[in-house]
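All remarks here apply to the structure that follows.
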Amino acid sequence: LLRIDKEEVLTRVRSGGFKKILLQGPDGLRNQLVELANYLLENVGDIEVIIDGDRSFGGCDIPFHKASKIGVDAVFHFGHTEFPATEEQLSLVSKDIETVYFPVFEDSEVNRTLFRSLIRKLGGAKSVAVVYSIQYRNQYLEIVDKLRKEGITVYKPREFFRIEKWQVLGCNIGALNKVREKVDGVIVVGGGLFHAIGVGLYSGLPTILVDIPRGVVSNIEKEIIRFRSLIAYNIEKAKGVYRFGVIVSTKSFQFNYSVAKYIYNYINNELEKKGVMLVMDYIEPETIDYFPSIEAFIQTACPRISIDDISNYRKPILNIEQFLILIGKKRFEEVYPWKEPRLFRE
Ligand code: SF4
């Protein structure tokens with residue numbers, strides 16, 4: 001079970017001397033924030049606690065604009081680690097508001113049936129990389145240990161960076177690319193397909209998901225192939241388009257105005273087509289549909305909008321990398337590689 005450690009939060013409130021804080025968390029943790037708010041109010045006394053009621057998608061989506069309006073001392077973000085923001089994004093963050101990250105960890109153990117199922121799927125692979133989404137760090141460490149006892153060579157961290165070295169985000173597969181050539185495939189310890197799809201697509205390696213909350217191990221090869229085809233189709237479709245919408249997001253660390261401006265200029269000047277700039281907070285198919293005169297969109301926010309959600313959009317919606325493929329500055333295989341042989345079993 002994923003549980004917020006209330007005492008850890010209380011200690012941080014006291015050590016920071018905060019008087020007014022904004023709590024933010026992803027869907028699965030939001031209800032726990034109510035309990036946490038009451039706990040802090042009872043134990044600190046002189047404090048104001050406000051909960052962000054909107055959806056939050058990651059460490060890239062810290063609500064600084066709300067925090068400034070309400071006038072809090074700090075934003076407490078639960079469920080993710082700090083996002084590797086760009087200079088441009090950091091320059092817009094108020095220095096008066098502190099951001100404190102509380103990753104939340106699953107504490108269950110990896111049972112024997114789950115691990116044996118993983119060994120079967122590995123299909124004789126001798127060398128693997130193991131990565132994880134932050135909530136499942138404990139299970140990741142356990143799996144690495146067990147794989148080594150089975151005589152399998154495992155690539156795992158020696159050091160930790162701001163993002164822990166072998167942790168993955170939906171848009172960043174960390175140091176995985178450095179060991180691509182050394183391994184037969186990759187194991188993702190996580191919950192749900194999201195991180196595993198990103199790892200499989202961006203690394204090109206055979207990918208197995210150990211889904212801890214569901215207690216299932218799966219080879220996600222078919223999903224990777226399906227997403228690769230959808231992306232390729234979307235890029236091809238956008239090639240024939242004349243009118244583009246270029247979207248810049250106001251979400252804190254999804255804000256890429258300079259890149260959006262570059263794309264906008266490129267469309268108008270180099271491609272000699274028509275581009276128009278749009279600014280949005282939350283990008284979704286219903287909102288996009290209100291622009292029938294625009295034939296395709298380039299969004300500079302979360303790259304996964306143009307992967308996981310593309311079948312929900314009626315028109316092509318490309319991310320930055322896909323735009324670079326469209327204009328010939330990157331090859332498809334460079335962004336979405338593919339490594340043979342594929343040893344993993346169904
Ligand atoms: S994948 Fe999207 S939502 Fe997740 S961290 Fe990256 S930008 Fe944020």
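Whatever order the structure lists ligands and atoms in, that order sets their numbers, starting from 1.
In this structure, atom 3 (S) of ligand 1 lies nearest to the protein heavy atom F57 O, 3.4 Å. The protein non-hydrogen atom at the shortest distance from atom 2 (Fe) of ligand 1 is C302 SG, 2.3 Å. Among all non-hydrogen protein atoms, the one lying nearest atom 8 (Fe) of ligand 1 is C60 SG, 2.3 Å.
For the ligand labelled ligand 1, residue G58 lies outside the 4.0 Å heavy-atom shell. Under a 4.0 angstrom heavy-atom cut-off, F253 registers as lying outside contact with ligand 1.
The residues E142 and K146 are annotated as salt-bridged, a charged nitrogen and a carboxylate oxygen being separated by less than 4.0 angstrom. Using a cut-off of 4.0 Å between Lys/Arg side-chain N and Asp/Glu carboxylate O, D184 and K126 are scored as not salt-bridged. Taking 4.0 Å as the cut-off between side-chain N and carboxylate O, R55 and D61 do not count as a salt-bridged pair.
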ask   = For R226 and E223, what are the C-alpha separation, side-chain angles and deciding distance, and is it a salt bridge (charged side-chain N to carboxylate O under 4.0 Å, His left out)?
value = CA-CA 5 Å; R226 187 172 80 84; E223 282 82 0; over 6 Å; no
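Using a 4.0 Å cut-off to heavy atoms of C171, the atoms of ligand 1 that qualify are 1 (S), 5 (S), 6 (Fe), 7 (S). The ligand atoms of ligand 1 that sit less than 4.0 angstrom from a heavy atom of R304 are 1 (S).
Ring centroids of F244 and F297 are separated by 6.0 Å or more, keeping the two rings apart.
Taking the six-membered ring where the residue is Trp, F323 and Y266 present perpendicular rings, their angle passing 60° and hence far from 30°.
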